[in-house]
J.: 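Here's a structure for you.
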Amino acid sequence: MHPKLRQDIERKINSSLTDEDFALFLDFLKPVYFSKKETVLEVDHFCSTIYYIEKGLLISYLTDEKGEKHAVQFAFENHWISDLYSFFSYQPSIISIEALEDTTALAISQENFELAMQKLPQFERFFRILIQNAYIHSQQRIAKTFTDDAEQRYKDLIGTNPDFLQRVPQYLIASFLGIKPQSLSRIRQNMHKK
């Protein structure tokens, strides 16, 4: 049951889990389902859940005063997503989360998160590494925004995430890269000519 989740945890903590510990951890998770285009979290609402994606795709985004979405994170299969600012600070959410596809996930509530950390030290280590890696990724993304041109950022994105092109609308890819959809179209046309 949930072998990919177990493999991901064991790989990150560089240690095997006992069947009993993994079963106990699963007891803290609740299966949830979101339909395509369903809102998972609205901005200014309290975020009390972290989601592990088993199948499907979620996006977190900011919305500007013009109503345009600015993609912050995409969570494909075997990825985690939440508004960690809200989750850990007990403040209203600064992002929204939406299902881009029908999505099956495992959800851990704030209360169960704390209980899991108390009862299972290896999961505290796992989540520390997970959050640490998310912070590093965020810093790298910010740095690349200032140091790499849009074409290079696009090449890096599709090189590490080939699913993007088939599963994410072009306007959201452009948003994630910090460019307009027209610019992304030009980049793609130029790449096809080369």
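We're numbering straight along the sequence, starting at 1.
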J.: Report the hydrophobic cluster partners of V40, with the cluster defined as I, L, V, M, F, W, Y residues connected by side-chain heavy atoms closer than 4.5 angstrom, directly or transitively.
T.: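 ILVMFWY cluster around V40 also holds V32, F34, L41, Y51, I53, L58, L62, V72, I81, Y85, I94, I95, I97.
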J.: Hey, is the main chain of F46 close enough, under 3.5 Å, to the side chain of S86 for a donor-acceptor pair?
T.: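 Pair absent, no side-chain N/O of S86 close to backbone of F46.
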J.: Side-chain heavy atoms nearer than 4.5 Å, only ILVMFWY residues, links allowed to pass through others: does that put Y52 and L120 together?
T.: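 Result: yes, single cluster for both.
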J.: So that I can tick it off, tell me whether R167 and E77 are bridged by a salt bridge, with the cut-off set at under 4.0 angstrom between side-chain N and carboxylate O.
T.: yes
J.: Could you walk me through whether F25 and D21 pass side-chain contact (heavy atoms from CB on, under 4.5 Å), step by step?
T.: CA-CA 6 Å; F25 180 63; D21 283 349; over 6 Å; no
J.: In the single-linkage hydrophobic clustering (I, L, V, M, F, W, Y; side-chain heavy atoms under 4.5 Å), do M117 and L115 co-cluster?
T.: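 Yes, M117 and L115 fall within the same hydrophobic cluster.
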J.: Before giving the answer on side-chain contact (heavy atoms from CB on, under 4.5 Å), spell out for Y33 and D102 the whole-Å C-alpha distance, their side-chain angles and the decisive distance to 0.1 Å.
T.: CA-CA 8 Å; Y33 175 82; D102 291 344; 3.1 Å; yes
J.: In this structure, would L106 and I108 fall into the same cluster of hydrophobic residues linked by side-chain contacts under 4.5 Å?
T.: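 The answer is yes; both residues are in one hydrophobic cluster.
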J.: Would you call K69-E98 a salt bridge at under 4.0 Å N-O?
T.: yes
J.: For the CG atom on N14, are there more than 12 heavy atoms of other groups (residues, nucleotides or ligands in this structure) within a distance under 6.0 Å?
T.: no
J.: Measuring from D27:CG to N112:CG, what's the distance to the nearest 0.5 Å?
T.: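 Reported value, rounded in 0.5 Å steps: 9.5 Å.
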J.: Should we say atom CD of E111 is surrounded by more than 12 heavy atoms from elsewhere, each under 6.0 Å from it?
T.: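 At most 12 heavy atoms, drawn from other residues, nucleotides or ligands, come within 6.0 Å of this atom.
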J.: Are R6 and D19 within salt-bridge range, i.e. N to O under 4.0 Å?
T.: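 Salt bridge present between R6 and D19.
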J.: Tell me, with the steps shown, if F88 and F113 meet side-chain contact (heavy atoms from CB on, under 4.5 Å).
T.: CA-CA 11 Å; F88 289 116; F113 180 87; 3.8 Å; yes
J.: Using the six-membered ring of F176, assess whether NZ or CZ of R153 lies under 6.0 Å from its centre and within 45 degrees of the ring axis.
T.: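 No, a cation-pi geometry is absent between R153 and F176.
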J.: What is the distance from atom NZ of K144 to atom CD of Q139, rounded to the nearest 0.5 Å?
T.: 13.5 Å
J.: Would you say the side-chain atoms of Q132 pair up with the backbone N or O of I129, donor to acceptor, closer than 3.5 Å?
T.: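 No.
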J.: Should L130 and I13 be regarded as members of a common hydrophobic cluster, given that ILVMFWY residues are connected when their side-chain heavy atoms come within less than 4.5 Å of each other, either directly or indirectly?
T.: yes
J.: Using modelled atom types and a 3.5 Å cut-off, is there a donor and acceptor pairing between side-chain atoms of T103 and backbone atoms of E101?
T.: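 Yes, because the side chain of T103 sits within donor-acceptor range (under 3.5 Å) of the backbone of E101.
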J.: Please check: side-chain N/O of T145 versus main-chain N/O of R141, any donor-acceptor pairing under 3.5 Å?
T.: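 The answer is yes, because a donor-acceptor pair under 3.5 Å joins these two groups.
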J.: Before giving the answer on side-chain contact (heavy atoms from CB on, under 4.5 Å), spell out for I9 and L17 the whole-Å C-alpha distance, their side-chain angles and the decisive distance to 0.1 Å.
T.: CA-CA 8 Å; I9 294 169; L17 298 170; 3.7 Å; yes
J.: Quick one: OH on Y154 to CG on D156, what's the gap to the nearest 0.5 Å?
T.: 12.0 Å
J.: Is it the case that one hydrophobic cluster holds both W80 and F87, taking links as side-chain heavy atoms less than 4.5 Å apart, direct or via other members?
T.: yes
J.: Find the distance between CD (E124) and NZ (K119) and round it off to the nearest 0.5 Å.
T.: 14.5 Å
J.: Got a second to check how far N133's CG is from Q140's CD, nearest 0.5 Å?
T.: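 Reported to 0.5 Å precision, the distance equals 9.5 Å.
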J.: Heavy atoms only: give me the nearest H70-S175 pair and the separation to one decimal.
T.: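 That closest heavy-atom pairing would be CA-OG, 3.0 Å.
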J.: Any chance you could measure E42, atom CD, to D83, atom CG, to the nearest 0.5 Å?
T.: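 One finds 13.0 Å between CD of E42 and CG of D83.
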J.: Answer yes or no: is there an ion pair linking K12 with D8, defined by an N-O contact shorter than 4.0 Å?
T.: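 Between D8 and K12 there is a salt bridge, with a charged N closer than 4.0 Å to a carboxylate O.
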J.: Working note: H137 + Q73, criterion side-chain hydrogen bond (donor to acceptor under 3.5 Å, both in side chains); need CA distance, chi angles, decisive distance, verdict.
T.: CA-CA 10 Å; H137 177 75; Q73 178 189 358; over 6 Å; no
J.: Taking D148 for its side chain and Q152 for its backbone only, find out whether a donor-acceptor pair lies under 3.5 Å.
T.: no
